[in-house]
A.B. asks: 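Before I ask anything, here is the structure I am working with.
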Amino acid sequence: MDTLETAKKIAAYKAVDEYVTPNCVIGIGSGSTVIYAVNRIAEKINENGLNVICVPTSFQARQLIINNHLTLGDLDTHPKLDCVIDGADEVDANMTLIKGGGGCLLQEKIVASCTNQLIIIADHTKNSDRLGQQYKKGIPIEVVPMAYVPIKKNIQDNYGGTVQIRMAIAKAGPVVTDNGNFILDWHFPFEQEKSWNEISNEIKLIPGVIEIGLFVNMAKKVYFGMPDGSVKIQEFE
Ligand code: 5RP
């Protein structure tokens, strides 16, 4: 296993070992790092017979839960979650996150809003002082398809940078999310006058914007797998 994959794995295993307890209800995030978390949850259940209910944040997460023979739950039956374990594309010094590199930001934010314990697992390349320092793919914004051009123009005119519709790779045309929407990736200017909280709140008010992949004041703790095999923890005192 290469260093980056090892970093994802050690972060995921540590978070699961510290947060997954008997009879807990967990939100399962999306992406490549979460795969290791689900593997570890399955191992713990097999070893210790824990009773754990897993609420997915995407089609991918649902498949992971099913394929690992974990108990699938949803927000109808479990609107309050003990914790959510999810990845991130970038984490800044204030624990503001960029999420949605995998296009799952809407369900990820909904599920994250149902817990006081959003636990992030990531490799060291996601650890930044400022957003945009390491992650160069922009901030994902999920939008209603008919509104993507005016939203793109609005953001470029009012906040600068460039906005691109995310195109699919194994399909002609745009990425269509699990919710039937498009994704815009906003390549924002590195210098911002406003706070991420202000920007996030303002962009969410543009008609047709469903959700933005900025997670402000949501993460409780971040586990970064480091190149030397250690896990660095970021949290507020
Ligand atoms: C998907 C996400 C993921 O959590 C994020 O992209 C990180 O993924 P990975 O663990 O593969 O780096 O927000 O929408």
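First listed ligand is number 1; within each ligand, the first listed atom is number 1.
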A.B. asks: Look at E90 together with K137 and state whether they make a salt bridge at an N to O cut-off of under 4.0 Å.
C.D. replies: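 Salt bridge absent between E90 and K137.
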A.B. asks: Could you work out the complete set of other residues in the hydrophobic cluster of V52, with links drawn between I, L, V, M, F, W and Y side chains under 4.5 Å apart?
C.D. replies: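 Same cluster as V52: I10, V16, Y19, V20, I26, I28, V34, I35, V38, I41, I45, L50, L64, I65, I66, L70, L72, I85, I119, I121, Y223, V231, I233.
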A.B. asks: Do the side chains of K9 and E5 get close enough for a salt bridge, i.e. N-O under 4.0 angstrom?
C.D. replies: no
A.B. asks: Enumerate the pairs of nitrogen or oxygen atoms, one from ligand 1 and one from the protein, separated by less than 3.5 angstrom; state names and distance to 0.1 Å.
C.D. replies:
residue, atom, partner, partner atom, Å
ligand 1, 4 (O), S30, O, 3.0
ligand 1, 4 (O), D86, OD1, 3.4
ligand 1, 4 (O), G87, O, 3.3
ligand 1, 4 (O), K99, NZ, 2.9
ligand 1, 6 (O), D89, OD1, 2.6
ligand 1, 6 (O), D89, OD2, 3.3
ligand 1, 10 (O), S32, N, 3.4
ligand 1, 10 (O), T33, N, 3.0
ligand 1, 10 (O), T33, OG1, 2.6
ligand 1, 11 (O), S32, N, 2.7
ligand 1, 11 (O), S32, OG, 2.5
ligand 1, 12 (O), K126, NZ, 2.6
ligand 1, 13 (O), K99, NZ, 3.0
ligand 1, 13 (O), G100, N, 2.8
ligand 1, 13 (O), E108, OE1, 3.0
ligand 1, 13 (O), E108, OE2, 3.4
ligand 1, 14 (O), G102, N, 3.3
ligand 1, 14 (O), G103, N, 3.4
ligand 1, 14 (O), C104, N, 3.0
ligand 1, 14 (O), E108, OE1, 3.3
ligand 1, 14 (O), E108, OE2, 3.3

A.B. asks: For D129, give me all partners under side chain to side chain donor-acceptor pair (under 3.5 Å), at least two apart in sequence or on another chain.
C.D. replies: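 Not a single residue meets the side chain to side chain donor-acceptor pair (under 3.5 Å) criterion with D129.
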A.B. asks: Please write out which residues are connected to V111 in a hydrophobic cluster, directly or through intermediates, given that two of Ile, Leu, Val, Met, Phe, Trp, Tyr count as joined at side-chain heavy-atom separations below 4.5 angstrom.
C.D. replies: V25, I53, V55, L75, L81, V84, V91, M95, L97, L106, I110, L118, I120, V144, M146, I210, F215, M218, V222, F224, M226, F236
A.B. asks: Charged N to carboxylate O under 4.0 angstrom, D89 versus K99?
C.D. replies: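 Salt bridge absent between D89 and K99.
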